[in-house]
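Shown next, in structure tokens, is the structure this report addresses.
All values derive from a computational prediction rather than experimental measurement.
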Amino acid sequence: MAINATLALLLRLTSSGTPLSDYWTGVGCATILAVRHFNARDGAVVPALQELSSPLQLRELVLNTDSVQSGGIAAYRSALEAVVHGIIGPSRSAVSSPTAQLGGLDKIPQLSHWSSSPSLSDKGIYSHFGRTYPSDALSGELIMQTVSSFGWKKVGCIYVNDLFAQGLVSVMNSWSIT
């Protein structure tokens, strides 16, 4: 007897209404393909899926975040209306932050494949959030260790001033102070 669960895929399909590159289309396609491989127990990419004996079957609900916080919240609300059991995405930290906070309140697990902001590790705020991509706490420290190994005393950052970049810059700044 199969057990069915609905999984919302909060994907970056457009940015401010403009279609994205083939790269981002590929990320969305890979996410959908992963769900379908899971259901078929197709081991073409992940051989362990062939050995999976769980009766769980996933139904994907594809929703567009439009790469912005308001789009992520709208997609989250649509997922809630559809009564999902879990969420994959969003990819950007700036979009994951509000959806992960809502997911914690609603007790809906969320797994992001790209959100790296260190603040998303705060389980007091983002209790049901997880990620497969490392936190910028790690990459920021590695960047600063590399800078130090070159003997550099100053480094500049050019970045988009959003939640994602603020996290990385904060880690780099904290490391440099110590």
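Residues satisfying the side chain to side chain donor-acceptor pair (under 3.5 Å) criterion with Ser139, sequence neighbours excluded, are Asp136.
The minimum heavy-atom distance linking Trp114 with Val27 is given by the pair CZ3-CG2, 4.0 Å. In plain terms, the two heavy atoms of Leu61 and Ala79 that are nearest each other are CD2-CA, 4.2 Å. For the residue pair Ala5 and His85, the shortest heavy atom distance occurs at CA-ND1, 3.4 Å. When all heavy atoms of Val95 and Gly72 are compared, the closest pair comes out as CG1-CA, 3.6 Å.
Between the side chain of Ser112 and the main chain of Arg131, no donor-acceptor pair closer than 3.5 Å is present. A donor-acceptor pair is defined here as one N or O able to donate and one able to accept, closer than 3.5 Å; such a pair exists between the side chain of Ser96 and the backbone of Pro90. Checking side-chain atoms of Ser91 against main-chain N and O of His113 turns up no donor-acceptor pair under 3.5 Å.
Through side-chain heavy atoms spaced under 4.5 Å, either directly or across other Ile, Leu, Val, Met, Phe, Trp or Tyr residues, Leu9 is tied to Ile3, Leu7, Leu11, Leu13, Ile32, Val35, Phe38, Val45, Val46, Leu49, Leu52, Leu56, Leu58, Val62, Ile88, Leu111. Through ILVMFWY side-chain contacts below 4.5 Å, Val171 is grouped with nothing and stands alone.
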Compile the donor-acceptor pairs under 3.5 Å between side chains in residues 143-153 and protein atoms, sequence neighbours left out, one pair per line.
unit_1: Gln145; atom_1: NE2; unit_2: Glu141; atom_2: OE2; d: 3.1
unit_1: Thr146; atom_1: OG1; unit_2: Leu142; atom_2: O; d: 2.9
unit_1: Ser148; atom_1: OG; unit_2: Met144; atom_2: O; d: 3.1
unit_1: Ser149; atom_1: OG; unit_2: Thr146; atom_2: O; d: 2.7

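Taking the side chain as every heavy atom from C-beta outward, Tyr159 and Val169 approach each other to under 4.5 Å. For the pair Ser67/Leu20, a side-chain contact is recorded, criterion being any heavy-atom separation below 4.5 Å from C-beta on.
Applying the salt bridge (charged side-chain N to carboxylate O under 4.0 Å, His left out) test to every pair with at least one member in residues 4-27, sequence neighbours left out, gives no pairs at all. Contacts classified as salt bridge (charged side-chain N to carboxylate O under 4.0 Å, His left out) and involving residues 60-89 (residues at least two apart or in different chains) are given here: Arg36-Glu60.
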